[in-house]
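Just so you know, residue 1 is the first one in the sequence shown, and it goes up from there. Hydrogens, waters and symmetry mates are skipped; everything else that's a heavy atom, side chains included, is used.
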Amino acid sequence: MSITSFENALYRKLGTFFASHGYQLFSEKKQFRKITPSGFQNVIFTSSTYDEETWLEVNIGCRNNRIEQIAQQFLGNTRDFWGDSNTLVISIGKFNNAKYFRYKIMTEPDLDDTCEEIKHFLSTQGFPFLEKNASLEAIHHLLNDKPLVACKYLYNQMHRCYKGMIAAKLIDSHQFLDIAEKHHKYMVANGATDDDFVVYERLMSFLLYVSAN
């Protein structure tokens, strides 16, 4: 089965489930997405072939528009993609502390079983996590409660530092400067480049003059 045929079959088998939870298929972006007042929540599918197997990775994520509208100005990403950026994103495997986990599928029954496993995870863990952490306050806590430790809810830890500071500013945290110092210390200890620090300093200069409202 080609990747395109596999993905079409996957989306077809999961379509009713996602629709019942308010998600729409964005096939060109390989995801189901639910628009929310603050941005969106999404489930992203990445498939690849190895010999006769298809390997499938599933990521769940959410976007906070207020954070991303600031962050994307500093991250150097192509403007065309600014509207699709996630604030939080994590694979099912990483969520369950199995970092390199992939679903491995060879037959139609394998795909059916995989779809059932995905639906069970989303119903019991994935969707509740996204709903619980949809607010700006919740994102602030995920990114900033332990600023000296890597955060598993996004892949790029430098971006974590930037987005953490934006979240802290937007909720008007009284610990803003303390959090900023700790993120800077994390960057120093974890091999941030000169360019990373330039971005951080530019962002901090911007945030110091931004109103939290």
Students should find that the hydrophobic cluster of Tyr155, defined by side-chain heavy atoms under 4.5 Å apart, otherwise consists of Ile44, Val89
Report yes or no: do Thr46 and Glu57 form a side-chain donor-acceptor pair below 3.5 Å?
no
Heavy-atom pair with the smallest gap, counting every atom of Gln157 and Cys151
NE2-O, 2.7 Å
Would the Phe74 and Tyr200 ring centres measure less than 6.0 Å apart?
no
With sequence neighbours excluded, what pairs up with Thr4 under the side-chain contact (heavy atoms from CB on, under 4.5 Å) test?
Ser2, Asn8
Heavy atoms, side chains only, cut-off 4.5 Å: are Ile60 and Asn42 in contact?
no
Measure the shortest side-chain to side-chain distance between Phe6 and Leu111 over non-hydrogen atoms and say whether it is less than 4.5 angstrom.
yes
Apply the test side-chain contact (heavy atoms from CB on, under 4.5 Å) to residues Phe101 and Asn96: give CA-CA distance (whole Å), side-chain angles for both, the deciding distance (0.1 Å), then the verdict.
CA-CA 9 Å; Phe101 172 79; Asn96 290 317; over 6 Å; no
Enumerate donor-acceptor pairs with a distance under 3.5 Å from any side-chain N or O in residues 128-138 to protein atoms, sequence neighbours excluded.
{"residue": "Glu131", "atom": "OE2", "partner": "Lys34", "partner atom": "NZ", "Å": "2.8"}
{"residue": "Asn133", "atom": "ND2", "partner": "Phe129", "partner atom": "O", "Å": "2.9"}
{"residue": "Ser135", "atom": "OG", "partner": "Ala138", "partner atom": "N", "Å": "3.1"}
{"residue": "Glu137", "atom": "OE2", "partner": "His141", "partner atom": "NE2", "Å": "3.3"}

CG/Leu203 to SG/Cys161 distance, rounded to the nearest 0.5 angstrom?
10.5 Å
Aromatic ring proximity Tyr23/Phe32, centre distance under 6.0 Å
no
Among residues at least two apart in sequence or on other chains, which ones pass side-chain contact (heavy atoms from CB on, under 4.5 Å) with Lys104?
Glu53, Trp55
Can you measure from OG1 (Thr114) to CD1 (Ile105) and round to the nearest 0.5 angstrom?
4.0 Å
To the nearest 0.5 angstrom, please state how far the CG atom of Asn190 sits from the CG atom of Leu148.
9.5 Å
Any chance the rings of Phe95 and Phe121 have centres within less than 6.0 Å?
yes
If I compare all heavy atoms of Ser91 with all of Asn59, which pair ends up nearest, and what's the gap?
N-OD1, 3.0 Å
List the atom pairs, with distances to 0.1 Å, where a side-chain N or O of residues 176-187 and a protein N or O form a donor-acceptor pair under 3.5 Å, not counting sequence neighbours.
{"residue": "Asp178", "atom": "OD2", "partner": "Lys182", "partner atom": "NZ", "Å": "3.3"}
{"residue": "His183", "atom": "NE2", "partner": "Asn144", "partner atom": "OD1", "Å": "2.8"}

Validation row: Asn65, Phe40 side chains within 4.5 angstrom (heavy atoms)
no
Within a reach of under 6.0 Å around CD of Gln24, are more than 12 heavy atoms found that belong to other residues, nucleotides or ligands?
no
Can you get from Val198 to Met204 by hopping between Ile, Leu, Val, Met, Phe, Trp and Tyr side chains that sit under 4.5 Å apart?
no
Answer yes or no: is there a side-chain heavy-atom contact under 4.5 Å between Leu56 and Val58?
yes
Just jot down the ring-ring contact (aromatic ring centres under 6.0 Å, His included) partners of His21, sequence neighbours excluded, or say none.
Phe17, Phe127
Under 4.5 Å between side-chain heavy atoms, counting indirect links through other Ile/Leu/Val/Met/Phe/Trp/Tyr residues: same cluster for Tyr162 and Val188 or not?
yes
side-chain hydrogen bond (donor to acceptor under 3.5 Å, both in side chains) partner of Asp84, the single match among Gln72, Arg33, Arg63
Arg33
Where the side chain of Tyr11 meets the backbone of Gln31, is there a donor-acceptor pair that is under 3.5 Å apart?
no
Test your reading of the model: is there a side-chain donor-acceptor pair from Arg66 to the backbone of Asn64, 3.5 Å cut-off?
no
Show the nearest heavy-atom pair for residues Lys169 and Leu207, with the distance to one decimal.
CE-O, 2.9 Å
Might you point out which heavy atoms bring Thr87 and Leu154 nearest each other, and give the distance in Å?
O-CD1, 3.8 Å
May I have the step-by-step check of side-chain contact (heavy atoms from CB on, under 4.5 Å) for Phe206 and Ile70, ending in yes or no?
CA-CA 9 Å; Phe206 175 83; Ile70 296 174; 3.8 Å; yes
Exercise: identify the closest heavy-atom pair between Asn97 and Lys152:
OD1-NZ, 3.2 Å
Whether the Ser47 and Glu7 side chains hold a donor-acceptor pair (N or O, under 3.5 Å, no angle test) is what I'd like checked.
yes
Could you grab the distance from atom CG of Asp145 to atom CD of Gln175, nearest 0.5 Å is fine?
8.5 Å
Under the 3.5 angstrom rule, does the side chain of Ser85 hit a backbone N or O of Trp82 as a donor-acceptor pair?
yes
Salt-bridged, Lys13 to Glu108, with N to O below 4.0 Å?
yes
Looking at side-chain heavy atoms only, is the closest gap between Leu143 and Leu88 below 4.5 Å?
yes
What's the shortest heavy-atom distance between Arg160 and Val149, and which atoms?
NH1-O, 2.7 Å
Can any side-chain N or O of Thr107 pair as donor or acceptor with the backbone N or O of Asp110 at less than 3.5 Å?
yes
Nearest 0.5 Å, what's the NZ-OG distance between Lys119 and Ser20?
9.0 Å
So if you build clusters from Ile, Leu, Val, Met, Phe, Trp, Tyr with side-chain heavy-atom gaps below 4.5 Å, do Leu14 and Phe26 land together?
no
